[in-house]
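Structure record follows, encoded as structure tokens.
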There are 2 protein chains.
Amino acid sequence: MVRRNDQRRAALVDAAIEVLAREGARGLTFRAVDAEAAVPAGTASNYFGSRDDLLTQAGARVYERLQPDEATIARQRAAGRDRETYAELMRELVSRVAAFRTGYLALLELRLEATRRPELRKVLTERVRADLDANVAYHEESGLPGDATAVKLLILALNWLIVEQLTLPDVFTEAERDQLVAAAVERIVAAE
Amino acid sequence: MVRRNDQRRAALVDAAIEVLAREGARGLTFRAVDAEAAVPAGTASNYFGSRDDLLTQAGARVYERLQPDEATIARQRAAGRDRETYAELMRELVSRVAAFRTGYLALLELRLEATRRPELRKVLTERVRADLDANVAYHEESGLPGDATAVKLLILALNWLIVEQLTLPDVFTEAERDQLVAAAVERIVAAE
DNA sequence: AACGTAGTACTACAGCTGGAGTGGTGTCAA
DNA sequence: TTGACACCACTCCAGCTGTAGTACTACGTT
């Protein structure tokens with residue numbers, strides 16, 4: 001029987017994210033998730049019918065947790081709209097995502113898994129599209145300079161910058177990263 | 001004793017890349033490499049002292065194989081230097097990298113592994129830096145428009161575009177990807 | 001030409017690790 | 001009392017590793 005205690009289920013999914021980030025897809029076993037969540041061995045087995053199941057739920061969960069919190073959104077709405085402020089905003093975004101290191105790394109693991117798992121691919125594709133659309137919509141609504149293409153390009157560049165930072169942190173220095181973010185904003189968004 | 005047949009060793013490393021891309025880090029075992037390379041079980045064990053060893057060599061190998069061949073380089077040198085040609089060049093670059101799908105996917109797996117393996121991280125960091133520098137240098141030497149920062153931004157954006165294409169191909173259509181590449185060139189490189 | 005040697009290919013084995021799943025019992029609440 | 005869940009323990013199983021043992025090939029020596 002599949003267990004339905006939602007709190008516990010969420011704890012297990014979060015644990016899965018941590019394991020995924022720390023040990024990779026290789027180390028993601030039901031047992032490892034049990035250990036990470038500090039529940040008895042066998043629990044994850046009871047909650048998830050299959051590995052696929054677990055991975056899919058983890059994928060959805062990361063996106064939930066990557067959303068900025070209310071306070072951040074409010075602060076952003078209140079902020080000025082000049083180019084400098086925008087760059088600052090983007091630096092914050094990179095920091096925020098990079099700060100949830102395990103979540104982002106887990107997401108990369110999941111992307112690679114998605115290569116082999118149609119179900120997971122479907123879920124992730126939807127989330128990524130929604131996220132992209134939301135970003136574009138938010139941007140347009142905000143009245144900041146730059147069109148949809150600009151936003152997309154910015155997101156592309158920033159994403160890889162984060163990958164670089166998380167996986168090979170010594171390729172760029174922190175200063176270089178900041179400078180690249182600033183340049184990206186300046187040249188992509190502001191070049192109309 | 002560690003075996004020294006270089007041809008066989010290369011075949012094993014190439015096989016490792018395929019396995020890595022197809023089955024992920026989870027499926028990368030000495031035995032799987034043996035099977036992929038169609039050599040007797042135990043061979044990979046004889047050639048590589050450890051998993052680390054195998055991964056490190058695979059990392060170096062992917063970069064070797066990602067270099068464009070002579071013909072491509074020559075053609076590029078002969079090409080015109082206007083913005084349109086440049087965009088075409090970039091589209092080709094994205095295609096070329098995405099065409100060695102397994103190599104690029106393996107590289108992503110390796111990046112994630114590098115998170116846990118200092119040795120591998122060191123190797124990859126060097127390769128990525130060298131690749132980046134080479135791109136910048138080539139670009140400057142070529143006389144095409146755009147400074148070093150522009151090249152870096154372009155590389156960031158293109159890298160993630162490739163990730164997107166390889167892992168979640170339905171997020172963007174092919175037309176969108178082409179359009180994004182064109183826009184990237186236009187706004188990043190040509191905006192001076 | 002015969003022989004010896006070194007390095008490699010191949011086969012097989014034996015041990016081991018670690019995960020999966022499940023049945024049974026305890027516990028709590030409706 | 002009953003149902004759902006937590007917890008524990010146990011068994012089964014699959015797969016990987018490393019290596020010992022043997023055969024083969026190439027090459028150099030005498």
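Note on naming: letters A, B, ... go to the chains in the order of the sequence lines (proteins, then strands), and numbering restarts at 1 for each one. What you see below is based on every heavy atom in this structure, not just the backbone, and it leaves out hydrogens, waters and symmetry mates.
- Atom CZ of A:F48 and atom P of D:dC5 are 14 Å apart (whole Å).
- Among the nucleotides D:dC7, C:dA9, C:dG21, the one closest to the side chain of B:N5 is C:dA9.
- Below the 3.5 angstrom threshold, one finds no donor paired with an acceptor across the side chain of A:R51 and the base of C:dG19.
- Atom CG of A:L28 and atom C1' of C:dG18 are 15 Å apart (whole Å).
- Take the nearest nucleotide of DNA chain C for A:G42 and for A:G27: the residue whose nucleotide is more 5' is A:G27.
- One atom, CG of A:D6, and another, P of D:dA6, lie 11 Å apart when rounded to the nearest Å.
- For B:E18 and B:T102, the side-chain atoms include at least one donor-acceptor pair closer than 3.5 Å.
- Below the 3.5 angstrom threshold, one finds a donor paired with an acceptor across the side chain of A:R3 and the base of D:dA6.
- Distance A:R31 CZ to D:dA9 P: 12 Å, rounded to the nearest Å.
- A donor N or O paired with an acceptor N or O is not found under 3.5 Å between the base of C:dA9 and the side-chain atoms of B:R8.
- Closest approach to the A:S45 side chain among D:dC16, C:dT22, C:dT8 is made by C:dT22 (side chain taken as heavy atoms from C-beta onward).
- Here C:dG7 presents its C1' atom at 16 Å from CD of B:Q7, a figure rounded to the nearest Å.
- With respect to the salt-bridge test (charged N to carboxylate O, under 4.0 angstrom), the residues A:E92 and A:R75 qualify.
- Using a 4.0 Å heavy-atom cutoff across all strands shown, B:A41 reaches at least one base atom of the nucleic acid.
- Contact annotation for B:P40: base contact, defined as any heavy-atom pair under 4.0 Å involving a base atom.
- Between the CZ atom of A:F30 and the C1' atom of D:dC7 there is a distance of 18 Å, given to the nearest Å.
- No salt bridge links B:R129 with B:E126; every basic N to acidic carboxylate O contact stays at or beyond 4.0 Å.
- D:dA9 atom C1' lies 14 Å from atom CG of A:D34, rounded to whole Å.
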Inset, instruction - Check step by step if side-chain contact (heavy atoms from CB on, under 4.5 Å) holds for A:R26 and B:R51. - result: CA-CA 13 Å; A:R26 187 144 211 267; B:R51 217 180 134 75; 3.2 Å; yes
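- As rounded to whole Å, 12 Å separates atom P of C:dG18 from atom CD of A:E23.
- Each of A:T43 and A:R26 lies near DNA chain D, and the nucleotide nearest A:T43 is the one positioned closer to the 5' end.
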Inset, instruction - Take B:Y47 and B:D53, measure what side-chain contact (heavy atoms from CB on, under 4.5 Å) needs, and give me the verdict at the end. - result: CA-CA 9 Å; B:Y47 273 84; B:D53 199 4; over 6 Å; no
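- Nearest nucleotide to the side chain of B:N46, out of D:dA6, C:dT8, D:dT19: D:dT19.
- Nearest nucleotide to the B:Y47 side chain, out of C:dA9, D:dC16, C:dG21: C:dA9.
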